[in-house]
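Heads up, the thing below is written out as structure tokens.
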Amino acid sequence: MNIMITAVGDANVGAQIYSALQNLPDYEISITNIVPLTTGNPDNFILAPLASSKIYINFILETCIDRKIEMLIPGSEAELAVISKHRRLFKEKGITLLMNTEQVLDTCLDKEKTVEFLKKNNFNYPRTVKIHLEKRVELILDSIEKEIMPPYVLKPNVGAGGSKDIYIIQSREEALHILNYIKLTSHGQFIAQEYVGSYNEEYTIGVMSNQQAKAYSAFVLKRNLTSTLSVRNIVKNQCFKRIKDDNLIISTGISQGHVGDYPKLKKFAFNVANAIGSIGPLNIQCRIHNEDIYIFEINPRFSGTTSIRALCGHNDPEIMISELTSKDFTSKQIPYTHGLAIRSLKNQFIPEKGNRNE
């Protein structure tokens with residue numbers, strides 16, 4: 001099968017998908033990125049425009065046609081959102097899109113809509129307040145403090161992949177400072193969200209659903225947030241009345257930790273995926289607090305742990321491709337090996353062609 005994966009660069013989701021599929025014999029893979037820095041095969045690399053560019057869709061579509069691509073796998077949330085709006089164009093050319101439904105993307109790529117879904121379906125979630133940046137900072141803060149006590153986080157309503165632009169707030173003084181900074185530097189909407197639970201009880205759960213919107217396989221990793229690779233923000237805890245940890249931590253998109261069975265979390269993930277009508281990959285970020293599971297994010301895509309899952313025997317992209325292409329595919333829980341998943345940086349050097357200094 002001739003496949004193209006977008007946004008293959010650094011340690012992002014596209015690179016994780018590529019890592020899971022690149023050594024399998026059944027696929028010829030082309031990869032794209034917006035900068036010429038990728039850990040993939042440079043011979044199959046395509047420099048692509050930004051997803052926000054007016055030429056993006058035509059570029060991706062024409063590249064797929066030129067390369068006789070049969071399946072396109074978007075590797076970033078920005079590209080997921082844009083490609084989703086133009087599904088018909090790819091379908092007309094016989095190109096299969098390996099991505100979730102337009103409705104699921106619309107709900108999960110917007111944190112306000114995610115909270116509305118969780119509330120409607122009786123799932124636990126952190127208390128959340130929409131921020132109106134056009135208002136005076138003092139008024140914004142008053143509206144937050146009516147609903148949420150510190151600690152809480154400020155984060156973009158859309159985006160924030162890898163937990164970027166997320167701030168931990170523990171006092172009014174901190175909030176005033178950060179909100180003024182956000183007003184000066186940000187253009188999108190922000191939300192305030194209650195900081196819930198301990199970082200020692202944080203999990204990432206991948207759950208896959210078939211074309212009938214029925215969840216059938218889940219993979220659970222309990223995060224270990226002691227490595228700088230996995231920690232975006234860490235501050236000394238000053239709110240011991242609510243949180244007992246010495247530190248407050250926000251994780252990055254680079255997950256590592258214990259891979260296990262966790263049947264309660266698997267069943268929970270199935271319920272969430274079925275309730276939202278997921279078709280394809282879904283990734284749930286959550287913490288257990290007072291024995292309840294609190295969801296703080298649902299990513300409607302493959303996970304940043306995709307390559308780790310493949311190493312454990314749960315190769316999400318390969319499984320989903322098989323479901324779409326094999327008549328013999330059976331939707332069932334995929335067994336995987338339990339143990340400790342550790343991430344690290346990897347060096348790669350690509351020499352210039354015909355330029356060797358003797």
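- Ring pair F219/Y336 is tilted by interplanar angle, where 30° to 60° counts as tilted.
- A donor and an acceptor atom, one from each side chain of R309 and S303, are located under 3.5 Å apart.
- Enclosure of atom NZ in K54 is not indicated, since only 12 or fewer non-hydrogen atoms of other residues, nucleotides or ligands lie within 6.0 angstrom.
- Here the closest non-hydrogen pair linking N100 and P300 is CB-O, 4.0 Å.
- Side-chain polar atoms of Y56 and E79 form a donor-acceptor pair below 3.5 angstrom.
- The backbone N or O of L225 lies less than 3.5 Å from no partner atom in the side chain of S230, so there is not a single donor-acceptor pair.
- With hydrogens and angles ignored, the 3.5 Å screen pairs no side-chain donor or acceptor of S19 with any backbone N or O of A15.
- Panel note: side chain T114, backbone T107; a donor-acceptor pair is recorded below 3.5 Å.
- Atom CD of Q103 sits in a sparse spot, with 12 or fewer heavy atoms from other residues, nucleotides or ligands closer than 6.0 Å.
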- Message: The test is salt bridge (Lys or Arg N to Asp or Glu O under 4.0 Å); show your working for E145 and R172 and say whether it passes.
- Response: CA-CA 9 Å; E145 291 178 341; R172 187 175 179 89; 2.6 Å; yes

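- Residue S217 is tested with H314, K266, E323 for a side chain to side chain donor-acceptor pair (under 3.5 Å); the sole match is H314.
- Across every non-hydrogen atom of T6 and S76, the tightest pair is OG1-N, 4.4 Å.
- Judged by distance alone, the side chain of R287 and the main-chain N or O of V196 form a donor-acceptor pair under 3.5 Å.
- Of all the heavy atoms in R343 and S255, the pair that sits closest is NH1-O, 3.1 Å.
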- Query: When you look at R88 and E92, which way does the salt bridge (Lys or Arg N to Asp or Glu O under 4.0 Å) test go after all the steps?
  - Reply: CA-CA 6 Å; R88 179 182 57 81; E92 288 174 352; 2.7 Å; yes

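- For the 3.5 Å distance criterion, the side chains of D245 and S198 qualify, holding a donor opposite an acceptor.
- Annotation for F329: atom CZ counts as buried by contact number, over 12 foreign heavy atoms lying within 6.0 Å.
- Note that the OG1 atom of T330 and the CD1 atom of I334 stand 9.0 Å from one another [nearest 0.5 Å].
- Contact detail for E297 and N299: the closest heavy-atom pair is OE2-OD1, 3.2 Å.
- Between I321 and L21, the closest side-chain pair of non-hydrogen atoms falls below 4.5 Å.
- With no hydrogens or angles considered, no side-chain donor-acceptor pair links S209 and N274 at under 3.5 Å.
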- Query: Between R127 and E147, does a salt bridge (Lys or Arg N to Asp or Glu O under 4.0 Å) hold up when you go through it step by step?
  - Reply: CA-CA 7 Å; R127 281 175 287 189; E147 302 291 334; over 6 Å; no

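- The main-chain N or O of K135 is found under 3.5 Å from a side-chain atom of K183 such that the two form a donor-acceptor pair.
- With hydrogens and angles disregarded, no donor-acceptor distance shorter than 3.5 Å links the side chain of K68 to the backbone of C64.
- With 3.5 Å as the limit, one finds a donor-acceptor pair spanning the side chains of Y203 and E201.
- Summarising the geometry of A81 relative to L109, their closest heavy-atom pair is CB-CD1, 4.0 Å, with the distance given to 0.1 Å.
- Between F123 and F117, the angle of the ring planes lies from 30° to 60°, which puts this pair in the tilted group.
- Checked options L221, T226, I342; the residue passing with Q256 is I342 (criterion: side-chain contact (heavy atoms from CB on, under 4.5 Å)).
- For the side-chain contact (heavy atoms from CB on, under 4.5 Å) criterion with I140, the lone passing option out of L176, I182, I131 is I131.
- Nearest approach of I249 to Y195, heavy atoms of both residues: N-OH, 3.0 Å.
- When the side-chain contact (heavy atoms from CB on, under 4.5 Å) test is applied to Q189, the partners found at least two apart in sequence or on another chain are E112, K130, N157.
- Surrounding NE2 of H177 are at most 12 heavy atoms belonging to other residues, nucleotides or ligands under 6.0 Å away.
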